[in-house]
Engineer: 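Supplied in structure tokens, the structure appears directly below.
This structure is a prediction, so every number in the text was calculated from the model and none was measured.
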Amino acid sequence: MKIFDTLSAAEKELDISGIVRIYVCGVTVYDESHIGHARTIIVFDTLRRFLESDGLKVKFIQNFTDVDDKIINRAKAENASADTITTKYIASYFDEFDRLNVKRADSYPKATEHINDMISLIKGLIDKDFAYVSKNGVYFSVSKFKEYGKLSKKKIDELIAGARVEVDETKRDPLDFALWKFADDYPRWESPWGHGRPGWHIECSAMCLKHLGSDFEIHGGGRDLIFPHHENEIAQSECYTGRNFAKIWMHVGMVTIKGEKMSKSLGNTKSVDFVLKKWGPNIIRLFCLSGHYSKPIDYSEDLLKETIAKWRQVENCYVELTHPEKDELSNPPPNLNIKVIQPKIALYKENFNDALKSDFNTPLALNFFFSIVNEVNNLAAHDFVTESISNSILPEFKKILEVLGLKITEPPHEESNRIEELIAKRNAFRTQKKYQEADVIREQLEHVGVILIDHKGRTLWIKQEKICSEV
RNA sequence: GGUGAGGUGGCAGAGUGGUUAUGCGUUCGCCUGCAGAGCGAAUUUAUAGGGGUUCGAAUCCCUUCCUCACCUCCA
């Protein structure tokens with residue numbers, strides 16, 4: 001599988017010789033997550049699912065930043081402890097991303113639980129003369145790392161020239177960044193240099209090295225983290241270990257709204273909770289995968305509405321495949337025979353995999369998935385979804401749903417029984433040609449989200465996922 | 001100002017030298033008791049503008065214009 005690596009600015013073959021180790025920069029837990037965060041997480045969740053479906057072993061680590069000025073400010077504003085804030089938002093993170101059907105990472109390390117790891121990393125950097133203690137804290141000396149700027153393709157002198165950062169006179173060089181910041185207020189930790197808090201970037205270095213080691217396979221995050229966050233992570237980690245930090249840097253494009261980046265400061269965010277209530281998890285996942293991960297994607301209601309239509313086709317396909325016609329009752333013409341259909345589906349599935357293996361081209365992969373859906377629905381329209389067809393397609397179909405993290409919900413038994421009773425009643429009316437009465441029942445079912453599919457001599461039904469924004 | 005990524009039909013979105021992907025939308029048919037799903041046909045013979053290379057370019061080169069992101073916290 002090839003993935004575009006930001007560092008080498010080229011596609012790189014993913015090393016699958018051992019466990020595929022993935023580290024994704026997660027969120028700072030001081031506020032609600034929005035769909036921008038969700039996109040990044042969904043992309044990596046899907047990547048992970050794809051690798052696992054291919055039989056690979058994946059170790060997936062995603063951190064929570066739980067030490068940060070924004071957290072402290074929020075705590076002050078709410079007259080609560082930082083801990084209260086982070087606990088609250090970690091809980092809501094899990095609640096929301098579980099609803100998005102995001103598989104839990106193997107571990108969710110927190111900055112506050114790795115203070116000692118960070119301290120020993122900083123110590124090592126000071127020993128190797130890559131860092132120094134100053135009045136306000138411990139700083140990484142950017143000029144000591146010759147390759148600084150290699151990820152973001154920035155030149156050091158240009159950075160200085162265009163620097164918008166306030167110059168801190170206590171630093172040797174304006175580009176130096178904090179590894180440890182002295183502080184008297186809480187939360188604070190003891191360190192060999194004085195009490196205070198870790199700088200932002202050091203946590204990821206410490207946690208990557210601890211949980212994944214050096215030269216792990218994929219380091220991911222949003223594009224906006226390339227500079228300075230990931231650039232600084234590379235500097236710290238490579239100076240500390242003397243080894244390559246990560247093999248592939250994979251960055252996910254921003255979610256925009258009306259063409260502008262969605263962000264807190266612009267006040268144009270859509271929270272995960274909001275979009276889940278409005279569109280539901282399947283639509284959100286399909287939407288997030290409908291563009292290439294590296295490009296921006298625009299949150300537009302029109303596009304999301306289109307996605308609903310696709311999802312309805314998927315639901316239809318699923319119901320047809322799970323309720324096939326008996327082989328002996330169906331008589332497909334030669335061109336719709338299983339011998340023709342099966343290789344066709346197999347080809348689509350292969351194309352689906354190939355698309356994902358080519359820099360995780362999810363929009364292309366989704367095309368092939370929908371080709372399968374369409375193929376099945378076409379057969380279904382003529383009552384040709386037979387048991388043998390279903391037997392050959394359903395397992396593949398389910399595998400794809402699993403990779404994409406899509407989930408079809410089926411109603412509980414009691415409800416199903418009630419629905420089927422009504423359908424039996426309706427069909428009785430239909431055989432008597434009492435269509436008005438039959439239609440009343442169909443409308444009644446429609447009101448509770450049940451759509452009927454009439455086939456020769458039998459009626460299938462779909463309990464559609466409820467999507468609030470559907471007109 | 002610097003750096004990076006882009007500009008494809010009404011919309012979304014592949015394709016990186018040689019059969020006008022594909023999906024959605026719209027229109028008209030067909031199928032159906034009516035629907036759902038589906039089928040057929042039509043809609044625009046798309047590739048930001050201008051140059052160049054080539055037998056041939058959306059695809060390579062030059063140039064102009066435009067958009068977005070990053071250069072401060074950000075997924």
Side-chain angles (χ1 to χ4, degrees), chain A residues 4 6 9 24-28 30-31 33-44 62 65 68-70 149 152-155 157-166 175 200 220-229 231 251-256 259-266 269 287 290-292 294-298 300 302-303 305-307 309-310 312-313 315-317 319-320 355 358 361-368 370-371 373-385 430 433-436 438-439 442-443 446 450-455 459-462 464:
Chain A
F4 185 87
T6 309
V24 174
C25 285
V27 294
T28 303
Y30 75 105
D31 202 353
S33 302
H34 57 70
I35 186 164
H37 303 117
R39 182 195 188 188
T40 300
I41 304 299
I42 286 169
V43 164
F44 284 103
Q62 184 192 319
T65 298
D68 180 86
D69 286 349
K70 287 194 290 295
S152 55
K153 321 290 177 221
K154 291 184 190 304
K155 295 195 172 62
D157 40 336
E158 279 165 3
L159 275 171
I160 296 167
R164 290 196 241 157
V165 209
E166 275 183 52
L175 292 181
W200 173 35
R223 289 210 89 84
D224 51 355
L225 294 183
I226 294 173
F227 190 90
H229 186 54
E231 192 71 61
H251 289 106
V252 178
M254 298 294 101
V255 174
T256 58
E260 261 188 334
K261 179 180 170 182
M262 191 180 276
S263 75
K264 287 267 161 63
S265 45
L266 286 167
T269 58
F287 170 72
S290 69
H292 192 261
S294 66
K295 290 188 181 177
I297 192 169
D298 202 59
S300 115
D302 285 346
L303 288 183
K305 277 181 188 159
E306 275 186 24
T307 310
K310 303 234 182 196
R312 296 308 183 205
Q313 293 175 357
E315 286 180 323
N316 191 89
C317 175
V319 166
E320 294 285 358
S358 165
N361 193 337
T362 53
L364 192 56
L366 285 179
N367 269 185
F368 293 116
F370 287 117
S371 296
V373 170
N374 196 256
E375 200 72 42
V376 171
N377 286 346
N378 185 12
L379 289 173
H382 307 285
D383 240 358
F384 297 148
V385 177
R430 287 176 72 217
K433 304 219 169 172
K434 292 183 177 171
Y435 293 119
Q436 260 188 337
D439 286 351
R442 186 169 64 194
E443 278 157 29
E446 218 177 297
V450 175
I451 297 295
L452 303 185
I453 307 166
D454 289 327
H455 281 317
T459 298
L460 304 188
W461 55 274
I462 307 168
Q464 292 190 323

Engineer: Regarding A:S290, tell me which of base, sugar-phosphate or nothing describes its non-hydrogen contacts under 4.0 Å with the strands shown.
Structural biologist: sugar-phosphate
Engineer: Please tell me which of the listed nucleotides, B:G36, B:A75, B:G33, lies nearest to the side chain of A:I451?
Structural biologist: B:G36
Engineer: When you get a sec, tell me which of B:C34, B:A37, B:A75 is the closest nucleotide to the side chain of A:M262?
Structural biologist: B:A75
Engineer: Is there a donor and acceptor pair closer than 3.5 Å between the side chain of A:R430 and the base of B:G33?
Structural biologist: yes
Engineer: Separation of A:K153 atom NZ from B:A5 atom P, in whole Å?
Structural biologist: 9 Å
Engineer: Quick one: does any side-chain atom of A:N361 pair with a main-chain N or O of A:A355 as donor and acceptor, under 3.5 Å?
Structural biologist: no
Engineer: Between B:C73, B:A75, B:G2, which nucleotide gets closest to the side-chain atoms of A:K154?
Structural biologist: B:G2
Engineer: Look at all strands and tell whether A:V255 reaches a base, only sugar-phosphate, or nothing, counting heavy atoms closer than 4.0 Å.
Structural biologist: base
Engineer: Within the structure shown, what part of the strands sits under 4.0 Å from A:H251 by heavy-atom distance: base, sugar-phosphate, or nothing?
Structural biologist: nothing
Engineer: Which listed nucleotide (B:C34, B:A75, B:U3) is nearest to the side chain of A:D224?
Structural biologist: B:A75
Engineer: Taking the side chain of A:N377 as its heavy atoms from C-beta onward, which of B:A75, B:G33, B:A37 lies nearest to it?
Structural biologist: B:A37
Engineer: Looking for any heavy atom pair under 4.0 Å, which part of the strands does A:K295 touch: base, sugar-phosphate only, or nothing?
Structural biologist: sugar-phosphate
Engineer: Please check this pair: side chain of A:R223 against backbone of A:S294, looking for a donor-acceptor N/O pair closer than 3.5 Å.
Structural biologist: yes
Engineer: Is a salt bridge present between A:K305 and A:D302, judged by a nitrogen-to-oxygen distance below 4.0 Å?
Structural biologist: no
Engineer: Between A:R39 and A:G291, which heavy-atom pair has the shortest distance, and what is it?
Structural biologist: NH2-O, 4.2 Å
Engineer: Shortest non-hydrogen contact from A:F44 to A:V252?
Structural biologist: CE1-CG2, 3.6 Å
Engineer: With a non-hydrogen cut-off below 4.0 angstrom, is A:G221 in contact with a base, only sugar-phosphate, or nothing?
Structural biologist: sugar-phosphate
Engineer: Looking across every strand, which nucleic acid part, if any, lies under 4.0 Å from A:K264 by heavy atom: base, sugar-phosphate, or nothing?
Structural biologist: nothing
Engineer: Give one of base, sugar-phosphate or nothing for A:L303, where a contact means two heavy atoms less than 4.0 Å apart.
Structural biologist: sugar-phosphate
Engineer: Using a cut-off of 4.0 Å on non-hydrogen atoms, how would the nucleic acid contact of A:N378 be classed: base, sugar-phosphate, or nothing?
Structural biologist: sugar-phosphate
Engineer: Starting at atom CZ of A:F227, determine the distance to atom P of B:G2, rounded to an integer number of angstrom.
Structural biologist: 17 Å
Engineer: Does the structure show a Watson-Crick or G-U wobble partner for B:C39, both distances under 3.5 Å? Name it, or say none.
Structural biologist: B:G29
Engineer: Considering only the C1' atoms, how many Å lie between B:A46 and B:U8, rounded to the nearest integer?
Structural biologist: 6 Å
Engineer: From the options B:C73, B:G33, B:G36, select the nucleotide whose nearest atom is closest to the side chain of A:R442.
Structural biologist: B:G33
Engineer: Please check if atom NZ in A:K153 has more than 12 non-hydrogen atoms from other residues, nucleotides or ligands closer than 6.0 Å.
Structural biologist: yes
Engineer: Which part of the nucleic acid, if any, lies within reach of A:G220 when heavy atoms closer than 4.0 Å are counted: base, sugar-phosphate only, or nothing?
Structural biologist: nothing
Engineer: Find which nucleotide of RNA chain B each of A:M254 and A:I226 is nearest to by heavy atoms, and output the residue with the more 5' nucleotide.
Structural biologist: A:I226
Engineer: Tell me which nucleotide, if any, is Watson-Crick or G-U wobble paired with B:C34 when both distances must be under 3.5 Å.
Structural biologist: none
Engineer: Nearest whole Å is fine: how far is B:A37 C1' from A:E320 CD?
Structural biologist: 7 Å
Engineer: Under 3.5 Å, is there a donor-acceptor pair between the side chain of A:T256 and the main chain of A:I297?
Structural biologist: yes
Engineer: Please state whether the base of B:G36 and the side chain of A:D454 form at least one donor-acceptor pair under 3.5 Å?
Structural biologist: no
Engineer: Under 4.0 Å between any heavy atoms, over every strand shown, what does A:V27 touch: base, sugar-phosphate, or nothing? Just pick one.
Structural biologist: sugar-phosphate
Engineer: Going 5' to 3' along nucleotides 18-31 of chain B, which nucleotides have protein heavy atoms under 4.0 Å from the base (write B), which only from the sugar-phosphate (write S), and which from neither (write -)?
Structural biologist: ---BBSS-------
Engineer: Have a look at A:S33 and say if it touches a base, only the backbone sugar-phosphate, or nothing, with a 4.0 Å heavy-atom cut-off.
Structural biologist: nothing
Engineer: Nearest heavy atom decides the nucleotide; on that basis, is A:E446 or A:N361 closer to the 5' end of RNA chain B?
Structural biologist: A:N361
Engineer: Could you walk me through whether A:D157 and A:K155 satisfy the salt bridge (Lys or Arg N to Asp or Glu O under 4.0 Å) test, starting with their C-alpha distance in whole Å, then the side-chain angles of each, then the deciding distance to 0.1 Å, before giving a yes or no?
Structural biologist: CA-CA 6 Å; A:D157 40 336; A:K155 295 195 172 62; over 6 Å; no
Engineer: Can you tell me which nucleotide in B:C70, B:U3, B:G38 comes closest to the side chain of A:A381?
Structural biologist: B:G38
Engineer: I need the A:R312 CZ to A:Q464 CD distance, nearest 0.5 Å.
Structural biologist: 4.0 Å
